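Before any comments, here is the structure.
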Amino acid sequence: MHKVALMDTSGNSLLSGSDGSKRKVCYFYDSDVENYYYGLGHPMKPLRMKMTHALLTQYGLLDRMHVLKPNPARENDFCRFHADDYVYFLRRVTPDSQQELLKQLKRFNVGEDCPVFDGLYSFCQTCAGGSIGGAVKLNHKHCDIAINWSGGLHHAKKCEASGFCYVNDIVLAILELLKTHERVLYVDIDIHHGDGVEEAFYITDRVMTVSFHKFGDYFPGTGDIRDIGYGKGKYYALNVPLDDGIDDESYQSLFKPIMSKVMEVYRPGAIVLQCGADSLSGDRLGFFNLSVKGHAECVRFMRSFNVPLLLLGGGGYTLRNVARCWCYEVYILYTFDKRNVVHFKIFLLVLGFIMTFDRLWKILNLSIEYEYTLHVAPSNMENKNSREMLDGIRAKLLDYLSKLQHAPSVQFQEHPPETQFPEENEDEDNKDERINDDSDVNLDYESATTEKAQKEIVEPKAKVQDSTVAGEADGDYCKFSKLTGELIKI
Ligand code: V1D
Ligand code: CA
């Protein structure tokens with residue numbers, strides 16, 4: 001019998017790190033990000049990052065975190081995953097030059113969803129820089145949790161923009177984490193399917209992807225429950241297809257048992273959680289009915305496992321709710337499960353000893369304020385996810401998980417050199433001091449896939465028209481086309 005049925009699905013709810021020390025959080029933010037503009041009528045608004053930052057400032061949460069300005073990702077960083085010619089195009093294209101690049105715009109899917117705007121390349125550099133920087137900080141154990149709300153751009157493909165995403169900062173961050181961790185878990189609570197990340201790691205067991213999303217006549221159209229990975233990656237890609245109006249209780253009735261089981265069997269060294277806020281009630285593009293608390297419960301739950309955690313943004317189109325949600329999710333990192341009365345009492349006792357009454361009173365007051373001002377209440381919309389549907393989805397996914405080899409081990413060679421960013425607060429002049437400019441590009445794939453497959457990725461100049469991933473499948477070196485479903489031996 002599997003332990004999951006007996007497990008306490010509320011997580012571990014520890015206030016401090018595994019060694020009893022306080023959790024250290026690195027928060028990546030670049031104030032320039034608010035200046036990027038996708039264009040009139042476009043729902044993606046980088047301004048929401050500024051709103052989130054303002055709330056964090058107002059609530060005094062910035063004081064608790066290590067605030068870092070991300071180093072812009074470089075061309076070589078992008079080329080660890082993306083095709084050279086795509087990256088070159090992104091660097092070159094401007095609103096003025098796009099008329100001459102019509103063929104390329106089409107080829108790289110740049111247009112209505114992913115428009116060309118002023119500073120597009122710098123925007124990509126900042127978003128990806130924060131996520132890679134977070135992974136580096138976690139690898140160096142400089143923090144337990146890293147946050148980059150401008151990241152989480154889960155739709156971008158190797159040579160294609162998609163769904164408002166140009167560069168897949170998540171894949172790049174995971175590649176960085178794979179340098180020090182045998183297994184990395186990716187969890188995606190954006191209402192859209194995390195297709196770009198799933199596709200990148202579809203045939204490896206070194207990354208497990210789990211996406212919760214609306215499925216059925218909805219962008220991007222992928223994420224069927226039957227899509228579970230391929231070859232070595234079979235059962236290491238999980239999809240949780242949901243219908244309109246899902247509420248906190250229904251969502252958690254899947255999230256907790258599934259993620260508990262994933263943690264039990266996969267035992268990741270690091271977790272990347274994409275916190276797309278378009279799954280909140282009242283989102284401009286979304287159809288779910290989650291409250292901020294319900295959304296944040298996923299963060300609290302994943303944090304409770306005391307595994308290095310990278311928190312990323314994603315979708316979210318009702319701006320005030322996005323800011324409330326991401327601010328609350330930072331706050332929740334510093335709280336604990338209030339249902340756990342024993343922990344609460346111990347916490348108060350310890351706090352009483354080490355704090356003055358005045359400070360304690362301030363904190364209690366603040367928590368009351370959080371409850372009321374950051375809360376986004378669910379609406380009375382119909383929940384189309386029946387109990388039977390939810391039971392069926394849960395049973396199917398737990399069945400997949402029962403087939404997983406526990407904590408698969410790779411031939412984990414000596415750690416490849418890590419990307420080193422300059423120390424925080426170092427200024428622009430020090431940017432070039434980062435080492436391994438080229439030397440470690442794609443080393444991650446060397447261990448994630450095979451030598452032969454790596455060649456395919458190291459030399460991306462051969463144009464790949466289809467969305468393909470390379471690696472070992474059933475003992476052969478293959479390219480797997482997700483579009484045609486063909487397995488091409490190489
Ligand atoms: F409403 C719009 C106005 C202007 C431009 C685009 C949109 C829009 C809304 N929804 N575009 C969409 C989705 N695109 C389509 C296209 C129709 N085509 C054939 C495809 O339905 C894209 C939705 C992207 C969602 C992105 C995301 O929330 O998942 C995200 N995650 O991280 C960053 C963004
Ligand atoms: Ca998702």
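Because the structure is predicted, anything quoted here is derived from the model rather than measured. In listed order, ligands and their atoms are each counted from 1.
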What protein heavy atom lies closest to [atom]? Include the residue and the distance to one decimal.
atom	answer
atom 29 (O) of ligand 1	H155 NE2, 2.7 Å
atom 10 (N) of ligand 1	L285 CD1, 3.9 Å
atom 5 (C) of ligand 1	H42 CD2, 3.6 Å

Under 3.5 Å donor-acceptor, [X] side chain and [Y] backbone:
X	Y	result
N239	D227	yes
N148	C127	yes
N289	S379	yes

* Contact check, Y317 vs ligand 1, heavy-atom distance below 4.0 Å ->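 Within the 4.0 Å threshold, so yes.
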
* Can you name the N, O or S atom of H192 that is closest to the Ca ion (ligand 2)? -> O

* Have a look at D190 and say which of its N, O or S atoms is nearest the Ca ion (ligand 2). =>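 So the atom name we want here is O.
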
Show the atoms of ligand 1 that are less than 4.0 angstrom away from any heavy atom in [X].
X	result
M44	33 (C), 34 (C)
G152	32 (O)
L153	33 (C)
G41	3 (C), 4 (C)

* Have a look at N109, D278, D113 and point out the one with the heavy atom closest to atom 14 (N) of ligand 1. =>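 Nearest option to atom 14 (N) of ligand 1, by heavy atoms: D113.
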
* **Heavy-atom proximity to atom 4 (C) of ligand 1, best of G314, G286, G111, P43** => P43

* Value rounded to 0.5 Å, distance of NE2 in H295 from CG in D248 -> 10.5 Å

* Metal site angle (apex the Ca ion (ligand 2)), OD1 from D188 and OG from S211, 10 degrees -> 100°

* Asked: Between Y27 and H53, is any side-chain donor less than 3.5 angstrom from a side-chain acceptor?
  ->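 Short answer, yes.
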
* To do: Answer with yes or no whether the side chains of D190 and H213 bring together a donor and an acceptor at under 3.5 Å.
  =>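 On atom types as modelled, these side chains do not qualify, holding no pair under 3.5 Å.
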
* Pairing of E199 and K157 as salt bridge, 4.0 angstrom limit -> no

* Asked: Would you call D391-R394 a salt bridge at under 4.0 Å N-O?
  -> yes

* Y236 ring center within less than 6.0 Å of Y266 ring center -> yes

* **Aromatic contact, Y186 with F201 (centres under 6.0 Å)** =>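 No, they do not, as the ring centres are separated by 6.0 Å or more.
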
* To do: Look at F212 and state whether any of its N, O or S atoms is less than 3.0 Å from the Ca ion (ligand 2).
  => yes

* Asked: Between the Ca ion (ligand 2) and H193, is there an N, O or S atom separated by less than 3.0 Å?
  ->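 No, outside the cut-off.
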
* To do: Answer yes if a protein heavy atom lies under 4.0 Å from atom 17 (C) of ligand 1, otherwise answer no.
  => no

* Structure fact -> For P115 and V110 the tightest heavy-atom approach is C-CG1, 4.3 Å

* Measure C165 to ligand 1 on non-hydrogen atoms and call it side chain, backbone, both or neither using the 4.0 Å cut-off. =>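 The part of C165 near ligand 1 is the side chain, not the backbone.
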
